[in-house]
Colleague: 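Quick one: this structure, given as structure tokens, is what I'll be asking you about.
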Amino acid sequence: MIDLRLLREDPDRVRASQRARGEDVDVVDALLSADERRRSSSVRFDELRSEQKVLGKQIPKAQGDERAELLARASELAAAVKAADAEQDKAAEEAQSLLLRLGNVVHPDVPVGGEEDFAVLETVGTPRDFAAEGFEPKDHLELGQLLGAIDVERAAKVSGSRFYYLTGVGALLELALVNAAIAQATEAGFIPMLTPALVKPRAMEGTGFLGQAAENVYHLERDDFYLVGTSEVPLAGYHMDEILDADRLPLRYAGFSPCFRREAGTYGKDTRGIFRVHQFDKVEMFSYVAPEDAEAEHKRLLDWEKQWLTGLGLPFQVIDVATGDLGASASRKFDCEAWIPTQGKYRELTSASNCDEFQARRLSIRIRGERGTRPLATLNGTLCAVPRTIVALLENHQLADGSVRVPEVLRPYLGGRELLEPVAK
RNA sequence: GGAGGCUUCGCCUAGUCUGGUCUAUGGCGCCGCACUGCUAAUGCGGUUUGGGCUAACCGCCCAUCCCGGGUUCAAAUCCCGGAGCCUCCGCCA
């Protein structure tokens, strides 16, 4: 959630942010008035309650008629206090629910617009020229099937569309990717974490996934658990309701977990292969930093992602995601998009978001230091979302006969293999 | 799934039976000041979190004793419901 003080002092900035996101601007004024009502009702309650306490102290000392009179007055006051309390609760609840509907205030440099209005910040590497090499590239699914690495037919039988088995070398490839990613993160000072995939509503709400994104979240009705779409959720929730010593920062965690996504509203999109699936594994970087360090940390997360993709030998571009395509929590988001030869375009592989204090306020995570007790900033960035990374690896490193060259960083985790070769049918 | 115990302001802890004097005790830690030629020791003061009043500071008010209800003029304290932790039993990895 955003800072209510900012809202009161500079509502125009919040209105502009909502407008840029393409979201409801009227919430801002509704919230301002709800906040006003909340404060006035709380003042009324405070006064009555104060009076009640003063009166209450006189009762045990009083005798006879005086006591009876005090009791009568106290009884009236008690009713008034109760009513004021209820009114205060109602106003606070209204303000809170409006507050939760507001997205984070967008960073001023973010390009305004929808999904297509991103800005390309840089391009790294060059896509291969398959025509010059003299063969037509196969897509990842065809390659995966030749290698005995991916089985989507049987997954459809067992679980339906958008599911997959990684088999044989495919399974080994995931484990190698995960190990290499965790190794890079650990090297950079991240603490490796294996996290819960089922979380309570509070964690989901706190990370900002129950607003616009709610339709993409699996919910277990009977137990009121949510299946996380990313380990960002349990990693953000990890320090929920805590006050951390300022000098413990930055705190960096590398989470590895399954991720579940309903992919509502994507019917017909990316239906072939494993580019868009309901369940996948991911290594995610997550940082807790002081608010003034958030922008620098955002750049660092991006650098680690670039290091990772560069190591895998993938050509990619970095984009500054437009206002309309940011999640509710992010003030700014950098995506790395890898070149997918058979699609002839760059597709999202990783995503680094700066959430500033937005999640920390919702989850009540603060730091205590020289500047007092205040919310901290949280940031997250993908290191390796497995299926998409496999898609990019297979397609970009394929040879004419359907073999796939293994990038050097992965070889130690694949028993030194340099080449994945088609299996005999 | 069943039975019992526990949960107090960073940590430990008193208080709960018997409601008001709890504005929550004490120790540790931490911060400030004083004193001692250093460290230490000692003394004094401060030290939950959130909201609000105020131009701001000082100050003051309200809430907060795991959470939510209830009883009462009044709840850390009594009653009901729930959560978490621990122990035992059952079942299962």
Side-chain angles (χ1 to χ4, degrees), chain A residues 1-10 31-100 102 194-206 220-226 234 237-249 251 258 288 290-291 357-376:
Chain A
M1 66 184 76
I2 67 163
D3 188 354
L4 268 178
R5 258 173 275 268
L6 168 73
L7 182 80
R8 281 181 216 139
E9 285 162 19
D10 194 359
L31 178 52
L32 279 170
S33 103
D35 180 50
E36 189 59 46
R37 268 178 283 130
R38 177 188 66 85
R39 277 183 294 161
S40 61
S41 65
S42 114
V43 167
R44 202 152 45 238
F45 169 79
D46 285 357
E47 284 167 358
L48 284 168
R49 179 68 180 149
S50 179
E51 200 181 330
Q52 183 187 35
K53 284 170 75 166
V54 171
L55 196 62
K57 281 187 184 127
Q58 297 168 359
I59 291 175
K61 294 178 232 154
Q63 297 290 328
D65 285 351
E66 192 195 350
R67 186 183 170 94
E69 192 190 320
L70 283 175
L71 278 176
R73 271 177 59 204
S75 190
E76 281 169 35
L77 251 183
V81 165
K82 196 170 176 179
D85 192 18
E87 200 179 311
Q88 177 187 233
D89 281 352
K90 187 163 163 268
E93 225 169 88
E94 275 173 26
Q96 183 66 13
S97 84
L98 285 165
L99 184 56
L100 286 176
L102 276 184
L194 298 175
T195 61
L198 295 181
V199 299
K200 298 197 272 192
R202 173 90 197 284
M204 214 63 189
E205 174 94 272
L220 301 185
E221 197 89 28
R222 186 166 173 184
D223 301 286
D224 203 11
F225 276 130
Y226 289 93
Y238 190 65
H239 288 297
M240 179 162 80
D241 295 325
E242 293 182 24
I243 299 176
L244 305 169
D245 257 331
D247 51 22
R248 280 183 68 190
L249 302 183
L251 268 177
Y288 292 87
E357 299 115 294
F358 186 84
Q359 291 178 330
R361 280 210 184 81
R362 292 176 159 223
L363 293 166
S364 180
I365 308 171
R366 286 155 291 175
I367 43 171
R368 193 188 341 252
E370 282 170 9
R371 293 173 57 180
T373 302
R374 59 195 175 119
L376 46 68

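Quantities reported herein were computed from a predicted structural model and do not represent experimental measurements. Below, chains carry the letters A, B, ... as their sequence lines are ordered, and counting in each starts from 1.
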Colleague: Could you check whether any side-chain heavy atom of Arg362(A) comes within less than 4.5 Å of a side-chain heavy atom of Leu100(A), counting everything from C-beta outward?
Modeller: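 Arg362(A) vs Leu100(A): side chains touch.
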
Colleague: Rounding to an integer number of angstrom, what distance separates G10(B) and G5(B) when you compare their P atoms?
Modeller: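 Pairwise P distance, G10(B) against G5(B), rounds to 27 Å.
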
Colleague: In whole Å, what is the span from the NZ atom of Lys57(A) to the P atom of C22(B)?
Modeller: 10 Å

Colleague: Give the rounded distance in Å between these two atoms: CD1 of Ile365(A) and P of G50(B).
Modeller: 14 Å

Colleague: Does the side chain of Ser41(A) reach to within under 4.5 Å of the side chain of Lys90(A), using non-hydrogen atoms?
Modeller: no

Colleague: How close or far is atom P of G84(B) from atom CG of Asp241(A), stated in whole angstroms?
Modeller: 15 Å

Colleague: Take the protein atom CZ of Arg5(A) and the nucleotide atom P of G50(B), then report the distance between them rounded to whole Å.
Modeller: 10 Å

Colleague: If pairing requires Watson-Crick or G-U wobble contacts with both distances under 3.5 Å, which nucleotide is the partner of C73(B)?
Modeller: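 Pairing partner: G20(B).
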
Colleague: Could you tell me the Watson-Crick or G-U partner of C65(B), where both distances fall under 3.5 Å? Say none if there is no partner.
Modeller: none

Colleague: Taking a pair as Watson-Crick or G-U wobble with both distances under 3.5 Å, which nucleotide is matched to U87(B)?
Modeller: A3(B)

Colleague: At their closest point, which heavy atom of Ala290(A) faces which heavy atom of Arg374(A), and how far apart are they?
Modeller: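 Taking every non-hydrogen atom into account, CB-NH2, 4.3 Å.
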
Colleague: Atom CZ of Arg39(A) to atom P of G51(B): distance rounded to whole Å?
Modeller: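 Going from CZ in Arg39(A) over to P in G51(B) covers 12 Å.
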
Colleague: Calculate the interatomic distance between Asp3(A) atom CG and G50(B) atom C1'; express it in whole Å.
Modeller: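 Result: 14 Å.
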
Colleague: Answer with base, sugar-phosphate or nothing: what part of the nucleic acid does Arg248(A) contact at a heavy-atom distance below 4.0 Å?
Modeller: nothing

Colleague: Write down the distance separating the C1' atoms in U13(B) and A76(B), rounded off to the nearest Å.
Modeller: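 The same atom, C1', in both gives a distance of 15 Å.
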
Colleague: Determine the Euclidean distance between corresponding P atoms of C57(B) and G52(B); express it in Å to zero decimal places.
Modeller: 14 Å

Colleague: Decide yes or no for Leu220(A) and Tyr226(A): does some side-chain heavy atom of the first lie under 4.5 Å from some side-chain heavy atom of the second?
Modeller: no

Colleague: Ignoring backbone atoms, establish whether Arg368(A) has a side-chain N or O less than 4.0 Å from OP1 or OP2 of G10(B).
Modeller: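 No.
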
Colleague: Just to be sure I understand the rule, does Leu77(A) reach a base, reach only the sugar-phosphate, or reach nothing, if contact means heavy atoms closer than 4.0 Å?
Modeller: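 If one applies the 4.0 Å heavy-atom cut-off, Leu77(A) turns out to touch nothing in the nucleic acid.
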
Colleague: Check every strand shown and say whether Arg366(A) touches a base, only sugar-phosphate, or nothing at a heavy-atom separation below 4.0 Å.
Modeller: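 Arg366(A): backbone/sugar contact only, no base atoms under 4.0 Å.
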
Colleague: Give the minimum heavy-atom separation between Ala84(A) and Leu48(A), together with the two atoms involved.
Modeller: CB-CD1, 3.8 Å

Colleague: Side chains of Arg8(A) and Arg5(A): does their closest heavy-atom pair fall under 4.5 Å?
Modeller: yes

Colleague: What interatomic distance, in whole Å, is found between C1' of U21(B) and the corresponding atom of G15(B)?
Modeller: 13 Å

Colleague: Rounded to whole angstrom units, what separation is found between the CD atom of Glu242(A) and the C1' atom of U49(B)?
Modeller: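 To the nearest whole Å, that distance equals 15 Å.
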
Colleague: Identify the nucleotide, in any strand shown, that forms a Watson-Crick or G-U wobble pair with C11(B), with both distances under 3.5 Å; if there is none, say none.
Modeller: G27(B)

Colleague: Suppose you measure atom C1' in G68(B) against the same atom in A63(B); what distance do you get, rounded to whole Å?
Modeller: 16 Å

Colleague: Rounded to whole angstrom units, what separation is found between the CG atom of Leu244(A) and the C1' atom of U49(B)?
Modeller: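 These atoms are roughly 15 Å apart.
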
Colleague: Could you go step by step and tell me if Ser40(A) and Arg44(A) meet the side-chain hydrogen bond (donor to acceptor under 3.5 Å, both in side chains) rule?
Modeller: CA-CA 6 Å; Ser40(A) 61; Arg44(A) 202 152 45 238; 4.8 Å; no

Colleague: For Arg44(A), which contact category applies under a 4.0 Å heavy-atom criterion: base, sugar-phosphate, or nothing?
Modeller: nothing

Colleague: In whole Å, what separates the P atom of G51(B) from that of U64(B)?
Modeller: 16 Å

Colleague: Say we look at C78(B) and U18(B): how far apart would their C1' atoms be, to the nearest angstrom?
Modeller: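 Here C78(B) and U18(B) have their C1' atoms 11 Å from each other.
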
Colleague: Looking at G43(B), which nucleotide sits across from it as a Watson-Crick or G-U wobble partner, both distances under 3.5 angstrom, or is there none?
Modeller: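 The base-pairing partner of G43(B), which may sit in any strand shown, is C33(B).
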
Colleague: Check Arg38(A) with Asp35(A), please: is the shortest side-chain N to carboxylate O separation under 4.0 Å?
Modeller: yes

Colleague: Sugar-phosphate atoms are those with a prime plus P, OP1 and OP2; base atoms are the rest. Using that split, label each nucleotide of nucleotides 60-83 of chain B B, S or - for protein heavy atoms under 4.0 Å, 5' to 3'.
Modeller: -SSS-------S-BS---------

Colleague: Testing the basics here: between Arg361(A) and Pro375(A), what is the closest heavy-atom pair and its distance to 0.1 Å?
Modeller: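 Nearest heavy atoms, Arg361(A) then Pro375(A): NE-CG, 3.9 Å.
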
Colleague: Searching all strands shown, indicate the nucleotide that pairs with C58(B) (Watson-Crick or G-U wobble; both distances under 3.5 Å).
Modeller: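 Its partner: none found.
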
